[in-house]
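Atom set for the values below is all heavy atoms of this structure, side chains included, hydrogens, waters and symmetry mates excluded. Residue numbering restarts at 1 for every chain, and letters A, B, ... go by the order of the sequence lines. Keep in mind it's a predicted model, so treat the numbers as computed, not measured.
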Amino acid sequence: MSPQPMLTLDSVSKSFGRIQVIHNVTVDVYPGEVTVLLGENGAGKSTLIKMIAGVHQPTSGRILLDGEPVSITDTKTSESLGIATIHQELNLVPSMTVAENITLGRTPRRFGVINRAEMRRIARDALAQIGLDLDVDTHVGELGIARQQLVEIAKALSLDARILILDEPTAALTTSEIEALFDVVRDLKAKNVGMVFISHHLDEIAAIGDRVNVLRDGGFVAQVPATTDEDELIRLMVGRSIDKQFPREPGASTGDAEAAQPLLEVKGLNADGLRGIDLSVRPGEVVALAGLMGAGRTELLRCLAGADHYASGEVRVNVRKLKPYDVAAATRAGVGHVPEDRKTQGLVLDASVAENIGYATMGATSRFGLVDRRGQRARAERIAERLRIRMDSIEQPIRSLSGGNQQKAVFGRWFSAGSKVLLLDEPTRGVDVGAKVEIYELINEITAGGGCVLMASSDLPEVLGMSDRVLVMSQGTIAGELPTAEATQDSIMQLAVSNVHRDEEEPHAASAGTGDEGATA
Amino acid sequence: NRGEDAGQKVTLAVSTLNNPFFVDLRDGAEDAAEELGIELDVVDAQNDSATQANQLATSASDGSAGVIVNAVDSAAAGSALGPVVDAGLPVVAVDRAVEGAEVASLVASDNVAGGEQAAKALAEAVGGKGQIVILEGVPGASSTNERGEGFTKGLAEFPEIEVVAQQTAQYDRATALDVTTNLLEGNPDIVGVLAMNDEMALGAIQALGARAGEDIHVVGFDGTEDGFAAVEDGKLYATIAQNPEELGRQSVEVMSKVLAGEEVEELQNVAVDTVTVENVEEFSD
Amino acid sequence: MNAAAKQRHFDLKSFLANNGALVGLVVLCIALWIATPHFLTGPNLMNIGIQVSTIAVMAFGLTFVIVAAGIDLSVGSVAALSAMVSAYWTTTAGLPDGVSILVGLAVGAVSGLVTGMMSAYGKLPTFIASLAMLTIVRGLTLVVSDGRPISTSESVSFLGSNLGPVPMPIIVMVVTGLIAAFVLNRTIIGKNAFAVGGNTEAARLSGIPVKRVLVTVFAISGLFAGLAGMLLAGRLDSAQPTLATGYELDAIAAVVIGGASLAGGVGRISGTLVGALVLAVIRNGLNLLSVSSFWQQVVIGVVIALAVGFDVIRRKNVRH
Amino acid sequence: MNAAAKQRHFDLKSFLANNGALVGLVVLCIALWIATPHFLTGPNLMNIGIQVSTIAVMAFGLTFVIVAAGIDLSVGSVAALSAMVSAYWTTTAGLPDGVSILVGLAVGAVSGLVTGMMSAYGKLPTFIASLAMLTIVRGLTLVVSDGRPISTSESVSFLGSNLGPVPMPIIVMVVTGLIAAFVLNRTIIGKNAFAVGGNTEAARLSGIPVKRVLVTVFAISGLFAGLAGMLLAGRLDSAQPTLATGYELDAIAAVVIGGASLAGGVGRISGTLVGALVLAVIRNGLNLLSVSSFWQQVVIGVVIALAVGFDVIRRKNVRH
Ligand SMILES: Nc1ncnc2c1ncn2[C@@H]1O[C@H](COP(=O)(O)OP(=O)(O)OP(=O)(O)O)[C@@H](O)[C@H]1O
Ligand SMILES: Nc1ncnc2c1ncn2[C@@H]1O[C@H](COP(=O)(O)OP(=O)(O)OP(=O)(O)O)[C@@H](O)[C@H]1O
Ligand SMILES: O[C@@H]1[C@H](O)[C@H](O)CO[C@H]1O
Ligand SMILES: [Mg+2]
Ligand SMILES: [Mg+2]
C-alpha cells in the first residue's frame, strides 16, 4: 500500500560514552504519511530524530534518503537535504525578534545586507500558516512558552521541507492551537511531505498518525497502525497496562471543603495582565486553572509563587499574608512552584539530577551551614525511584536526561520539599502516560496529607480527570468556576472564550494578547 | 579667556603618583607654589601617555596660565603639548625632557649620567669583577632606556663584570622580589644587582635576605626614604639620589619667573648624587 | 501600515531602552555645567570628542565580540602593535607611507583573527584566548620597537591632526561608528553575532556557522583596535611600546555601560558610544574641577557606578 | 554499597575532569625540567610555592564569585587597600598590632560586601560594580598612604616569613585552600553559589536567596583578596600603594585555566590552584631560562594558550 520510503533509519544504534541508548532501530518515513514514534520518557525518541536532524551521528547503522545512503554531519546538511526539525526543547534566541528567529540561519539578504521587509514577510507568512497573528517584531523572550513553541513550528514550516520532524510540538499547546497545527499537518500530507511525529497524547496519534513505531529502552518493539486502540499502545510502550489514567482520590478534608479554612487565598490581585483575581483553595483540594493560550494562568501562578511583582492585592497561605515578590518567603510558607519552562526556569542543566531535585530542601535541611549531603542524596534517590526517572546515575548532569525525565525531576523537587501548596504550571508536559500516573498519585498523596494544588493545565482530559474544581481564566480574569463533576470540555471552552468576544466589541481593551485569541478561537 | 590675574593657576601634569618619587616631586612643587602664591592644579596620568595628552589638552582650556609637564614619555609629550603651545601657554618640563615642542626650561637630573654613576658604584662594591644581574624598569619607558644606556656606558670600563641576566621587574617591588628569587636559582654566583629604581632594589634585597650587602651588593636609583634607610642598614650599597622635591620646587620657581616675564635657563640641572653609607646622613631626614 | 508605524515607534523606544546610560551622561553633563564654567565651552567639547575617540573606536569593534558572548582583552595590546608596525613600516623600514595605515589595519585584523581561531577551533574560552593574545601582542610590540617609541608615518600623524577646523579623530570616530552600526544591525555578520551570543545552541541548530562567526567578530574587533591604536599614535606623533596599556578594561566598560551584556545577545553601537562618552566626560570633568588625583580615582569609580545605576533605575520604572 | 563505590570512583574521575589544566601543568614542568637543571630543585619549588601564594589565595576567593556567574575585577585593589590599612593601623596610627591582620581582613570583606551590594541591590552588572570598586579602592589606598609605602606590622610581616623551615605563605595558601574547598563543596554557601551561577532564574524560583548569595560570594572574594594582599606585603615588609596592580587578570586567568567557566556554575578550588601554578611556573621558568623580557611576554601568552589547549584536547578525547 505504501510507496518507497523517502527516509530510512536503517538499523541505527547510538551510544553516549559507555551508555548505549539506541539499539539497532529501523524506522521508515513515507511521503504523505505521519510516522509516529511512541515510547516512554527516555525510550530514545528524541535521540533517534536528532540523528536525522544532524545533531547526533549514529554509532552504527545507516541513514538512507530516497534509497541512497547519506551522511548527515550537521544541521545545515540536514536542512539542505530538505529536512526540517522542530526539537522538543525550544531553540530560539530570546533576545531576537520573532521575524529574526523564523529566518534564523537563512536571513534574506542582498550583498550581505539584510532585507528586513522580506524577512518580515517570510515571518508573517509562516505565522499565517498556523493561524498565529503576532507582531513579528516582538522579542521572542517576551512571549509565553506556548507562543514560543508556535514560533518554532512556524520556523520549521517556512523551510518548505520534504520531510518534517515534530518532537512533541503539542506539549505546550492548548486544544485550539493543536487543531490549527493538525490542519497544517493534513495539508502537508496532501502535499506529500513525509513527517515524523512524537507525542505523549495518545488521542493525537489517532487524529493524524498513520503508522506507529513503538520503542522501549532504546530498542524497537513493534510497528502498528495508528488506529490501534490506546490500551494496546500503552501496553506496547510500557510493557504492562495501566488501569486508571486519572487516579484522582479526593483529599482528606474535601468532605467538608466548604467549611475548611482556605490554605491558599488570593484577594483582589492585579498585575501585569491580571485583573481582580480572587480565589481560594482549601486543604485537600486540587483546583485546575484552564484557559486559552495567554489567558494569564502562568502569570497568576508566578505572582502567587513570589516570582513576579503584583501591583495590588494580597496572597495568604494558611491565613498568613505572603510577602510579595519573594520566592524564598513563599517557599518557607510551604509553597512549591513548578514553572512552565523547565529548561530556563526549572533546572540548572549542568548540575546533577540529585542537586536539581534537592534545591528546595538544601537550605532547610542544612545544619550549621553544612549541606546534609547524605540526606539530600537519599531524598533525591527516593523520589527518582518513585517517579521512575530514567537515568544512569543520580550524579549525572540533568542536561543528559530526556525531556520528560527532566520534567519529573522538577516536580520531584517540590514533592520532596513537602510543600503544602503546590502551584503547578503544566506539570505533566512531556511526561509519558505511565509517569503521569505517578505524578497524579503524588498529587493525591499531597492532598490526602492536607495539602492543596493549584494546577494550570492545557490538557483538558487532565483537568477533567484530576481536579475537584475548575477555574477558567480569560483575558487575565477568572471568567468562571465549574465543579469538575459538572464540567465538560465544551463548558470550559465556552467560559475560556467568554471575554474574548466582549473585548472585540470594546476597542480600548486591546490588550497584548487579544489578537491571538481572536485568531485561534 | 585666561584668568584676569595672570599667573594664578598652573597645571602640573605628573606621569604617575603611584610612586613615592613623584609624590615627593609634587610635594616640592606644592610647597613652592604656596610660597609664591600660585594655585597649583596637579593631574596624574597614571603612566599613560594618552591620558597625559588628554590632560594637557584640557589644561589648555581650563584657565591655566602655564603648564609644568613631567612627561610619561618624552617623544609623545611633544605633540601632546600642541594644544598648550597653540593656546600660547608657557611650558616647563620637569624630570623628563620633552622632544619636539618648545619648552621654556627643562628642570631635570640626567638619567644617563645617573645610570653611569650607578654602574660605577656597583663596580666599586664588587671590586670590578664578577657576575651581576640587571633589573629593568617598565619596558619601553624612557627612564628605562636612558638608565640602561647609562649602565652600559658605566660598565664598559669593567670588562671583568659579566651581566648574566637582564630582566624587567616593572619598577615594582613585589615583582622584583619574585624575579630576583628566580634569577638566583639560575645564577647562584652573582655578586651584584643593578636596579633601575629603589623600589626594585628593595625587592631584590628582600629576595637576597642575609646575602644582601654581604656577598651580593645592590645598587638602586632614586634616593627614596626607604632607599636611604636600606643604605643606612648596609643592605643597599648605593642609590643614585635624585632630588625629586627639589625638582618639583625648582620647576614651579622657574614657571613663576616665566610668567613674570623673566629670563630663565634652558636647562636647569638638579644634582644627582651617589649616596652610600658614607654620605647618607646628608640626604636622609 | 499600522505595523510599520508601530515599528517606527518601537525603534525610538528601543533606542532609549538600549541607550540607558544616556540619562546618566546627561545628568553628568548638567552637573559639570553647573560646577565649572570651563566644561561647556567649544574647545573643551572638542577635547572630549578627541579624547573619547580611541576608546570609542576600540569599543565599537569590541561590541561585536561582546554581542557574540565573547570577550576580547587583547584590544589595548593590538592597538599598540598595529600602531608600532605601521610606524616601523615607514619610519624604520622606509617602506612607502601610502599604505602604512593599511598595514596597521591588517596587523589588527590578523591579530583578532588569531584570537578568534584560538577560540573557535582551539576551543579556548575567549577570556583565555584573548588574555594570551594580550601578552603575546604586547611582547611583539616590544620586540618590533626594541622598547623605544617610533615616529608615526605622515598618514598616521594626519589621523591624529585636524582637517580644517575639525579634528580627524572625531571624523574617524563618527564614520567608523556609522559603519559599525550598519554592519551590526543591517548585515548578516551582525545578525549572526546576535544569534550566536543570544543562544549558541539555537544558532548552531539553525545552521549558522558558529565558528566562522566567532572568527569574524574577533577580526572586526582587531581591525577596530588597530585603527584606534593609529588614531592614538597619530595624536602623539609617535607609536609607543606602552601605548594603550590597560585600555581593554575601559573599552569593555564602555560597551557594558552602553547596555550590552557580557552574557551576549545584546548591544548597540550607539550605546557603546554613550558608554565611552560617560568615561571620557568623567575624566575631563574631574580634571577641570581640579579634584586631587588620589580622590579622583575614588570619584571616577563612584560616578561610573552611578551612571550605570541611573540606567538601572530608569529601566525598572519602565518595566512596571 | 555499590552506589557508594561508584560514587568514589566518580569523584576521582570528576577530579581529573575538573582539573584538566593539570595535564598542561605537568607537561610544562617536564619541559622545564629538561630545559634547565635549576627548575626541579627543592629551593626552587619552594620559591614557586611562595610566589604562587598571593595569586592562589586571591583566586580561591574569586572562584566563589565566578562560580556564581559574577566577575570581580577589584581583587588586586582590595589586596592593596587591606594591606595598606593594616599597615597604617599599626605603623602610622600606632594601634595594637595584635589585631592588624583582622583589620586587613575586615577591610577586604567589607570592600567585597560593597561590591556585592552594588550588584545585588543596585542591580549593576558585576563587571561594572567591581570595576568601579577597582578604582575606588585603589584611590582610597593612595589616600591612606599618600602614595608612599608603609612598613607592615610584625604580625603581617610574620605572614610573609618562615615558620621553621616552611614558608608561611605556603602554609596560609594550603590552609585557606582547604577551607575554601570545604566551603565551596560542602556548605550551603557554596552550593547556593553553584545554583545561582548555573541558572539564576531556576535558583530564584527554587527559593534560593539570590541576592544574599551574591553579596556573600563577593564578601568572600574580598576577604581572600585582603589576606592575599597582606601575604604579599608581609613578604616585602611593606605595604605599597601599587601593590597587586593588575593582579585581577592573573587571578581570573587562574580560575578559568583551572576549569571554571565565566558563564558560571562550574569551578573547583583544586583547579584554581592548578591554574595559579601554571602561571607561576611559566614566570619562574622563563626567569630561569633568562628569556629576554620582550620575548618573555610572547612566550607567556603562548604557553597559557597551550596549557589550556591541552585540557581542551584531553577533554575531547574523553568525550568520544
Ligand atoms: N547527551 C547525552 N548523554 C548521555 N545520555 C543521553 C544523552 N542524550 C540522551 N541521553 C539518554 O538517552 C536516553 C534517551 O533519551 P531521549 O531524549 O532520546 O528520550 P525520549 O524518548 O525523547 O524521552 P522523552 O519522552 O522524555 O522526551 C535517555 O536515557 C537519556 O538519558
Ligand atoms: N500578544 C502577546 N505578546 C506578547 N506577550 C504576550 C502576549 N500575550 C500574552 N503575553 C505575555 O505572555 C505570557 C502569556 O500569558 P500566560 O503565560 O500567563 O498565559 P497562560 O494562560 O499561562 O498561557 P500559556 O499557555 O501561553 O502559558 C504572559 O507573560 C503575558 O504577559
Ligand atoms: O626618575 C623616575 C624614577 O626613577 C621612577 O622610579 C621611575 O620614573 C623615573 O622617571
Ligand atoms: Mg524526547
Ligand atoms: Mg502558561
D:R235 versus chain B, the contacting section by heavy-atom distance below 4.5 Å: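 Interface part for D:R235: both.
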Could you tell me which portion of D:T41 (side chain, backbone, both or neither) has an atom closer than 4.5 angstrom to a non-hydrogen atom of chain B?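 Contact with chain B: side chain only.
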Is B:R26 salt-bridged to B:D31, cutoff N-O under 4.0 Å?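 Answer for the salt bridge query: no.
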With a 4.0 Å cut-off on N to O distance, would you call B:R249 and B:E35 a salt bridge?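 Yes, charged N to carboxylate O under 4.0 Å.
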Per the side-chain contact (heavy atoms from CB on, under 4.5 Å) rule, which among B:L236, B:I240, B:V280 passes with B:V275?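 Of all the options given, the one that passes is B:V280.
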Heavy-atom pairs under 4.5 Å with chain B are the metric here; pick the option from [options] that has the most.
| options | result |
| --- | --- |
| D:L243, D:L232, D:D146 | D:D146 |
| D:P37, D:A280, D:P43, D:P241 | D:P43 |
| D:T242, D:L236, D:L288 | D:L236 |

Contacting moiety of B:D226, where chain D heavy atoms sit under 4.5 Å: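 Side chain only.
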Please state whether the side chain, the backbone, both or neither of B:D24 comes within less than 4.5 Å of a heavy atom of chain D.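 Contact with chain D involves both backbone and side-chain atoms of B:D24.
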Among B:L184, B:L17, B:T168, B:L177, which residue has the highest count of heavy-atom pairs closer than 4.5 Å to chain D?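 Among the listed options, the one with the most contacts to chain D is B:L177.
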By the definition side-chain hydrogen bond (donor to acceptor under 3.5 Å, both in side chains), identify the one residue from B:D44, B:N70, B:T51, B:D95 that meets it with B:S15.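 That would be B:N70.
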Side chain to side chain, D:L279 and D:I304, heavy atoms closer than 4.5 Å: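 When only atoms from C-beta onward are counted, D:I304 and D:L279 do touch, with a gap below 4.5 Å.
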Report yes or no: do B:Q170 and B:E136 form a side-chain donor-acceptor pair below 3.5 Å?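 Not at all, the side chains of B:Q170 and B:E136 share no donor-acceptor pair under 3.5 Å.
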